[in-house]
Number of protein chains: 2
Amino acid sequence: MARAPTTSDVFNAIAEPGRRLIIELLSQRGNLAVGTLVVALGMTQPTVSKHLGVLRKVGVVSVTKLGQQRVYRLEAERLKVVHDWAKQFEQHWSHQLDRIKERAERKARSQRV
Amino acid sequence: MARAPTTSDVFNAIAEPGRRLIIELLSQRGNLAVGTLVVALGMTQPTVSKHLGVLRKVGVVSVTKLGQQRVYRLEAERLKVVHDWAKQFEQHWSHQLDRIKERAERKARSQRV
DNA sequence: TTGATATATTCCGATAACGGAATATAATGG
DNA sequence: CCATTATATTCCGTTATCGGAATATATCAA
């Protein structure tokens with residue numbers, strides 16, 4: 001068997017740096033037309049359209065026609081699965097923080113002498 | 001220009017479903033030797049080794065020699081960047097929840113009449 | 001040393017993904 | 001209808017990626 005088709009789930013959609021930028025921009029500036037993304041990101045129009053196509057296929061964005069423009073909207077709930085997946089490892093780095101905090105407190109106590 | 005090399009950052013490393021499984025397993029069961037992963041995941045040994053190679057390159061796992069075994073350990077902090085990235089969109093879906101809650105409360109009030 | 005076990009690496013072949021260039025499609029204005 | 005603007009799609013070349021099979025490397029045990 002060969003490589004599995006990947007651009008079909010959210011994790012792969014966000015693997016592309018350019019696509020992450022698109023997502024961030026839509027989050028910060030609200031719904032945007034393709035042209036706006038093109039100038040804001042300095043990418044080619046076809047490149048942006050293709051990235052948007054991937055994001056749309058996965059449901060991370062949706063489109064609305066507005067005259068001759070296509071306005072893209074972030075469907076952020078689709079990113080929740082990523083957040084939740086990563087969150088399950090939170091314990092690891094928070095434990096790490098605990099240990100650091102503990103050490104700091106021990107040090108503070110010893111200096112208080 | 002052609003496709004950009006991707007298996008060099010965390011987001012791409014976790015784009016592969018099999019690699020996510022490896023990460024989850026290491027998180028749940030602690031440090032594991034390659035062979036354990038192989039039987040637990042039902043993947044081929046070379047496949048597992050290659051996935052581990054990618055994860056190691058990105059720093060998501062580290063290795064220790066133990067006899068003829070290689071014990072892999074999850075370096076979960078490396079996943080924090082993913083968590084943080086996704087977290088920045090939390091507002092969107094929590095707002096959504098607010099709206100749902102609000103609607104439910106309105107409905108409850110109206111029925112209370 | 002020799003043989004077995006554990007793991008990594010290499011060499012495929014198939015296919016997916018990316019960017020660029022050109023082109024197609026759609027909508028608007030005149 | 002025609003030209004223009006906005007966007008999508010297609011085609012192409014290059015490179016990455018994945019799994020499988022075979023092989024290399026390392027370590028242990030006798």
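Below, chains carry the letters A, B, ... as their sequence lines are ordered, and counting in each starts from 1. The analysis underlying the following values was restricted to heavy atoms, covering all of them including side chains, and did not include hydrogens, waters or symmetry mates.
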Query raised in the report: Going by the angle between their ring planes, with limits at 30° and 60°, are Trp85(A) and Phe11(A) parallel, tilted or perpendicular?
Result: perpendicular
Report task. Could you tell me the separation between the CZ atom of Arg20(A) and the P atom of dC18(C), rounded to a whole number of Å? Result -> 12 Å
**Report entry** Donor-acceptor under 3.5 Å (Arg56(B) side chain, Val61(B) main chain)
**Finding:** no
Query raised in the report: What integer distance in Å separates Arg56(A):CZ from dT7(D):P?
Result: 13 Å
Query raised in the report: Any ring-ring contact (aromatic ring centres under 6.0 Å, His included) pairs touching residues 50-71 of chain A, not counting sequence neighbours?
Result: none
**Report entry** Interatomic distance, Leu21(A) CG vs dC18(C) C1' [rounded to whole Å]
**Finding:** 15 Å
Query - Under 3.5 Å: donor-acceptor pair, side chain of Arg19(A), backbone of Leu55(A) - result: no
Query raised in the report: Hey, does the side chain of Glu16(B) reach the backbone of Ala13(B) with a donor-acceptor pair shorter than 3.5 angstrom?
Result: no
Requested in this report: For each nucleotide in nucleotides 24-30 of chain D, reading 5' to 3', give B when a protein heavy atom comes within less than 4.0 Å of its base, S when such contact involves only the sugar-phosphate, and - otherwise.
Outcome: --SBS--
Query raised in the report: What's the CD1-P distance between Ile14(B) and dC18(D), to the nearest Å?
Result: 13 Å
Report task. Measure from CE on Met43(A) to C1' on dA8(D) and round the result to the nearest Å. Result -> 17 Å
**Report entry** Protein-nucleotide distance (Leu55(A), atom CG; dC18(C), atom P), rounded to Å
**Finding:** 10 Å
Query - Strand-adjacent residues in residues 45-53 of chain A, judged by heavy atoms under 4.0 Å from DNA chain D - result: Gln45(A), Pro46(A), Ser49(A), Lys50(A)
Requested in this report: Indicate yes or no for a side-chain donor-acceptor contact from Gln69(B) to the backbone of Val71(B) under 3.5 Å, with no hydrogens or angles considered.
Outcome: no
Report task. Respond yes when some side-chain nitrogen or oxygen of Thr44(A) is under 4.0 Å from OP1 or OP2 of dG20(C), and no when none is. Result -> yes
**Report entry** Phosphate-side-chain proximity, Tyr72(B) and dA6(C), N/O vs OP1/OP2 below 4.0 Å
**Finding:** no
Query - Side-chain donor or acceptor of Thr47(A) paired with backbone N/O of Met43(A) under 3.5 Å - result: no
Query - Separation of dA6(D) C1' from Leu32(A) CG (nearest whole Å) - result: 15 Å
**Report entry** Value rounded to 0.5 Å, distance of CG in Leu32(B) from CD1 in Ile22(B)
**Finding:** 10.5 Å
Query raised in the report: With no hydrogens and no angle check, is any side-chain donor or acceptor of Arg70(B) less than 3.5 Å from a backbone partner on Ala33(B)?
Result: no
Requested in this report: Take the protein atom CG of Asn12(A) and the nucleotide atom P of dC18(C), then report the distance between them rounded to whole Å.
Outcome: 7 Å
